[in-house]
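A quick write-up on the structure given underneath.
Since this is a predicted model, take the numbers as computed values, not measurements. Numbers restart at 1 for each chain; the letters A, B, ... are given by sequence-line order, proteins then strands.
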Amino acid sequence: MKLIKAIIKPFKLEEVKEALSEIGVEGMTVSEVKGFGRQKGHTEIYRGSEYTVDFLPKVMVDVAVPDDLVGKTVEAIKNAAKTGKIGDGKIFVQPVEEVIRIRTDESGDEAV
Amino acid sequence: MKLIKAIIKPFKLEEVKEALSEIGVEGMTVSEVKGFGRQKGHTEIYRGSEYTVDFLPKVMVDVAVPDDLVGKTVEAIKNAAKTGKIGDGKIFVQPVEEVIRIRTDESGDEAV
Amino acid sequence: MKLIKAIIKPFKLEEVKEALSEIGVEGMTVSEVKGFGRQKGHTEIYRGSEYTVDFLPKVMVDVAVPDDLVGKTVEAIKNAAKTGKIGDGKIFVQPVEEVIRIRTDESGDEAV
Amino acid sequence: MMQKLKNPRLFGTALSALFGYTALSATLGAQEYGSYEAFTESEGFALFAVNNLWILMAAALVFLMHLGFATLETGLTRSKNTVNVLFKNCWIISIGILTYFLWGFNAMYPGDFNGVIALGSAAGSMGLNLDVGLMTDAYADYTWWGDFIFQAMFAATAATIVSGAVAERVKLPAFMLFVVVLVGFAYPLSGSWQWGGGWLDAMGFYDFAGSSIVHGFGGFAALACVIVLGPRAGKYLPGGKIRPILGHSMPLATIGVFLLFLGWFGFNGGSVLSADPLLVSYVFTTTALAAVSGGIAATVVSWGVIKKPDLTMVLNGFLAGLVGITAGADAVGTYSAVIIGLVAGAIVVFSILMFDKIKIDDPVGAISVHGICGIWGTLAVGLFSAQSFGIQLVGTLSYCAFAFLFSLALFSLLKATMGIRVSPDEESQGLDIGEHGQEAYPDFQLATRSGV
Amino acid sequence: MMQKLKNPRLFGTALSALFGYTALSATLGAQEYGSYEAFTESEGFALFAVNNLWILMAAALVFLMHLGFATLETGLTRSKNTVNVLFKNCWIISIGILTYFLWGFNAMYPGDFNGVIALGSAAGSMGLNLDVGLMTDAYADYTWWGDFIFQAMFAATAATIVSGAVAERVKLPAFMLFVVVLVGFAYPLSGSWQWGGGWLDAMGFYDFAGSSIVHGFGGFAALACVIVLGPRAGKYLPGGKIRPILGHSMPLATIGVFLLFLGWFGFNGGSVLSADPLLVSYVFTTTALAAVSGGIAATVVSWGVIKKPDLTMVLNGFLAGLVGITAGADAVGTYSAVIIGLVAGAIVVFSILMFDKIKIDDPVGAISVHGICGIWGTLAVGLFSAQSFGIQLVGTLSYCAFAFLFSLALFSLLKATMGIRVSPDEESQGLDIGEHGQEAYPDFQLATRSGV
Amino acid sequence: MMQKLKNPRLFGTALSALFGYTALSATLGAQEYGSYEAFTESEGFALFAVNNLWILMAAALVFLMHLGFATLETGLTRSKNTVNVLFKNCWIISIGILTYFLWGFNAMYPGDFNGVIALGSAAGSMGLNLDVGLMTDAYADYTWWGDFIFQAMFAATAATIVSGAVAERVKLPAFMLFVVVLVGFAYPLSGSWQWGGGWLDAMGFYDFAGSSIVHGFGGFAALACVIVLGPRAGKYLPGGKIRPILGHSMPLATIGVFLLFLGWFGFNGGSVLSADPLLVSYVFTTTALAAVSGGIAATVVSWGVIKKPDLTMVLNGFLAGLVGITAGADAVGTYSAVIIGLVAGAIVVFSILMFDKIKIDDPVGAISVHGICGIWGTLAVGLFSAQSFGIQLVGTLSYCAFAFLFSLALFSLLKATMGIRVSPDEESQGLDIGEHGQEAYPDFQLATRSGV
Ligand SMILES: Nc1ncnc2c1ncn2[C@@H]1O[C@H](COP(=O)(O)OP(=O)(O)O)[C@@H](O)[C@H]1O
Ligand SMILES: Nc1ncnc2c1ncn2[C@@H]1O[C@H](COP(=O)(O)OP(=O)(O)O)[C@@H](O)[C@H]1O
Ligand SMILES: Nc1ncnc2c1ncn2[C@@H]1O[C@H](COP(=O)(O)OP(=O)(O)O)[C@@H](O)[C@H]1O
């Protein structure tokens, strides 16, 4: 079982969700985050003084998948989220030692 | 040391917090997330056009606990968060290699 | 490759960002979270009835770094985020098995 | 003219004693005009035009109070019920004006009737009754239509008061039906006891602009409904602890109160029923003095009792002062107005705390502001003017009791039949989604407040 | 006096028939005063002062409608375009008043002209024309300046209507230029056809306060602009599906509608052009009745058709009723006012659904509310009064067609030259950042609504 | 009558020269009535009723400005200080009206006094002074109470101006005390120099509705307070960089400015002190023209200088134009009004930038809008009318200097004694929690803006 964390551009979420559905991944948890990276923020003005908005809105998608699905999942996310422009984001794959479905007490691959 | 990530229904947070306190876990970090899963969203209408709210509000609780407390912690969360209805959420257990308390430089089990 | 998750006081974010820049870490993902711990919340009053705000605003910084940078990164965050007062937060170091930059398909250390 | 003037004794209290004059209107009396044109050329036409204009402006100001009520209620409830709160307020003003047009106006000002139960003219009267006399000073200091629109704006107020108290859990269709009956039937019926020249008027009761007739009525209707409905889920914890349910926008609440304060100049000032310079300017003065005194008292008391200067209490304090002065705005002295306001501002804080203690859950404090301070204001006329305290007591209790019992019966009936409360699930998810399938603030992230 | 009274036939319809009198103003006629002082001592001065005061209060109320439009448009669009929406509305009122001062007022009320194209006096007239006669009842029931400020507040309305329909994608400089020409030129030009005593007035067209002249005009200008501009990105999906784009604040939208409702008492009531007690109070009554009937109809229809009581539809319903009654507020019966409102409230729901189906993307429903219900209101005068239906049809179509064609041409020209639409990137990021470099709510976390 | 008319030279400038008439009021003079009833039957009563009604409506409009100030200040500050901002504004209006009742009104319009220091009648006068003469045209064109309520609404304005400038860091009890002394004592004292018939009036100074007496006064009081208080933490970085602190709600700020614009029709229009058709309609016209010209100038200048059309600058531009026209609204030509507005709108942008450069931290721009444009407006009367520039200069400097020095002394004293600034911790956490233990928007997630 792995946890795949993908940081993507917010307007790509819909496509990523659909790409995941297509390969049979039917659950995910999403959070709104702010990203800092090569993609630079923008400079704005308020009442004559400049300020920089350094952190850009991103969406983080957490998906737990059985080990054998990791490659396909990463691939699906990557293709759906790519625009080719700077700031497209990253995918991290992390180990998960146990997964439990709260409702049923199921654990392991059945739980996701 | 493990990091337990529990995705639960928002209104269960209070109970989960109390359940954790009871077993002596006194720290946690909580974020508001949106979940997509078997529990389906709802269809709403705005000025005559339908739209689906796919992502449902969930709360993610991150708790770091020493290895020996993992079972008890998972159990406590599971019992407190369960309603038996679809959408109760998941618990993921992840390895943590190091923990540091910023204030004191303490690390390892003492740090949580 | 490791993922360093630091939970810090919100007003320390700017300093942490600068400290990371100084050691050459140029990317990070930030989310607004609420923390529960030794630092107690505050009691407020609304129309005569008391209530407790248990969860305090914190910021979680996720930084993926190559293994060899972990020590320096943790050190940098710790120094920048410390106030010495209760509630300064924690740093967790987690393993990451793979990192992919969505835009370029690069993976591993080059991807961050 | 069948129609009696609304407040025939308006000029008959403290002020006329001081200035030694009798009613303007009294001198206008019965002369009739051959045509409206003849009237426009008569000597008194310019003055009639001023008086009528003021009644219309006052109607506009009272209309604005409905926006005030809507924003106040919105601000003091949770964001998940915002669409529902706004929707209810749209409904109330709509039904208030329409039923008053179809029935209420004629029922409330029936002229000759048995003094207790007014059945009103046939529904059609408004549209057809185009007697020239109704448009001249033979009728009043304003036209029949000016009278209608001013009174119609008042009518919806009673229901708005209830709206705030039952917010966040009441089932929409039941509430909508309740409003129709309350505004369309109960309010004009009981209103006619005094303003229609009924039994309370005959007894010598005095309620200038409606501390009892409007506010006490609304407040005690609200109390009955809250008793039948029960508190919001999660408000009163086992063990007697109270978990406050926070209003979601203090700016909206404050906008609401300032608009209500403004509108009250029309509510009270318009109740002079003419633009009489002395009376209207005097009523503006007492109204403003009582309002700010209420605010100041609530500031001091909440700071002293709750230990923090609570904005929502100050806002309620303004309203308490305004409700308090409503019964006697033209009849008490300016220093009395200050005292009435100060007492009202103190009362309202303690009343809100008390109702919370006995588990009467009123999100906006409507019962305290309108009900309790409505009684206070009515009695204050007995204390600060020549008016009989005993009669004031009888009058205010009559209105409060009638509103309470009527609402208790009606709301219990609705409970037994169609149901008055949304499901616990819907209540926790919010009525916006449940009743309307809509979100009030879709762009903003909302915090789940279960501790977070 | 060269200047014709705005609504010379104001007293010439149903009401005067019922009451058998002719115009007040008619009797004032031509007598002149030696000096303003002489006038202030004349017998009619008090009445003149009342009339003038009402026109000024009405101007203030119409001014408030601009805040109503601004908050309604803000509430029904996304938070990322809020600064832009507010900025546009600031611009519109500014340009509206200034161009009307420099040119529009004289162009619109030109007295003797060929009846079709009014070129107005030289720009300077307002500042210089201090003829005493213009300040007395030899001019009208109010001063020249009272006339100006009331009409100037009206003028900007047409552009405000367009603003809502093109929101969230229109390029700021192009829109600003469009407003200048529309308000500064096209509106006074076509307005003079009727209110300036031009060809439509000569034909016997009747449009009391502007269902066609203001609202139809604005609504069809909006339609043309939306056609040229296209829908917002993401609104109409391939396959015919509509993805609604949610307005971000229901309280702001509701505040907007209540303020518009309030302001309409000035819009219609002020269009009586005097404080005539009968007419103004009557117009208040019909205006309020139509508004609430519109709200009730929209409630019922949206509940029936969409299956949920949709707050935004109810809000549009109020406005629909108000637009509907605007043409005949002084000329139709009170029951007719109710019917006009009910029909308008039903029409507006179906019209909004219909425009969405044909992919005319109008975020606030301006085309339906002002355009479609403007036509309905104008025709209703033909149905519910002695007015000719045919002439009403000709009149309303003239205004709508002129506004549509003029805007189509002008907006196409702007499209071809400076560009009228922001880039897709800017549209997705929001116009606040793109056009203004500003955020409307920097402290609040915004949800990215791509599904979340 | 002891009481002098507020603006005795009101009719003595440009306009009367053009129209060749002298003051209405002058002709009313000294005749007394036996009773109020006798007065109501006198010939001039209808006109008196109109005039009085307008003063009351104007008072209501000025009241609404307090809501405008409250929402503007709320919108331009951070969400964590919202409850505090709203609370301060509730306090200001309360104390403003109450102290004016107890002392200020009699102190400011003292009739015979030495011209510099007015001590006013005993506190009780308002409640007791029920001389019939005070209710008739022997007093003024309105009743004593009409006079009181209109002036009382003005009084609180000065303190409201300060409120905006010291927002987000001032300690609540100290500010509350400051308000009591400023509104209760310093404002009526200096006000009487001109409006009470004191030394500046005797010298021939002209300030129609208070560019100096109200706005200059408030602006320079604000400047003194900001100097004593210091800037908000984090605003001015080491190295001379300015880090803007963003206002949290542009809709609230815009609502505030529109309400202020509306209220100004009462502020300036009511300062005619009668409903004189010519003057009031003229003042409406110049007021509106200056306001929109200020908005247009600020649009152009901010676009040119800052490179983006900045909404907050446009909003300040409207207010700048309004403050600018306040001194001469009845005395300058319409084109002059446009120029006064344009200049004010340009000045305000540069002034705001300049104050930021010299580290005077004024969250809402109050010093620039009211202080600097107040001076400009007062001087403009010297430029655009027959008024002496030198005397205008003396007058405006007297008010600004007095307000500055008085506030400097008082606020320094408060600093030395009870403390005027919240702790750095409280400032960073927000005054809502610190001073009130309350949250303004508990349901919404707030972004920590330290970069995020
Ligand atoms: N080292 C890192 N650790 C965590 N998140 C990162 C890291 N580097 C980048 N990110 C996240 O990825 C997003 C995109 O990165 P960026 O460098 O801007 O562009 P790109 O993905 O095209 O290289 C950032 O906004 C940030 O959220
Ligand atoms: N594969 C997954 N990876 C990450 N989060 C998941 C996954 N599947 C479900 N979740 C989270 O768990 C929540 C509940 O899942 P759901 O399938 O709706 O019901 P249940 O937990 O009862 O099976 C989802 O809303 C989502 O936040
Ligand atoms: N066991 C834990 N697991 C996850 N997060 C924790 C844990 N303990 C503390 N935290 C986080 O760290 C923050 C600071 O912890 P706290 O105990 O208040 O102070 P300190 O860090 O000084 O010990 C908390 O607000 C919470 O967000």
Per-residue contact mode, C:Ile86 against chain B (heavy atom under 4.5 angstrom):
both

Side-chain contact, heavy-atom cut-off 4.5 Å: C:Phe36 with B:Val30?
no

Please look at C:Lys2 and chain B and tell me whether the side chain, the backbone, both or neither of the residue comes under 4.5 angstrom of a heavy atom of that chain.
side chain

What residue, out of C:Val33, C:Asp88, C:Ile91, has the most heavy-atom pairs lying under 4.5 Å from chain B?
C:Ile91

Nearest-0.5 Å distance that lies between atom CG in B:Leu3 and atom CZ in C:Phe92
6.0 Å

Rounded to the nearest 0.5 Å, how far apart are CE of B:Met60 and OG of C:Ser31?
7.5 Å

Select all residues of residues 95-112 of chain C having any heavy atom within less than 4.5 Å of some heavy atom of chain B, and report them by number, or 'none'.
C:Pro95

By number, which residues in residues 63-80 of chain C have some heavy atom less than 4.5 Å away from chain B?
C:Val74, C:Lys78

Begin from the C-alpha positions of B:Asp62 and C:Lys5 and carry the test side-chain contact (heavy atoms from CB on, under 4.5 Å) through to its verdict.
CA-CA 11 Å; B:Asp62 283 8; C:Lys5 288 177 106 67; 4.0 Å; yes

So, do B:Lys17 and C:Asp54 sit near enough that their side-chain heavy atoms are less than 4.5 Å apart?
yes

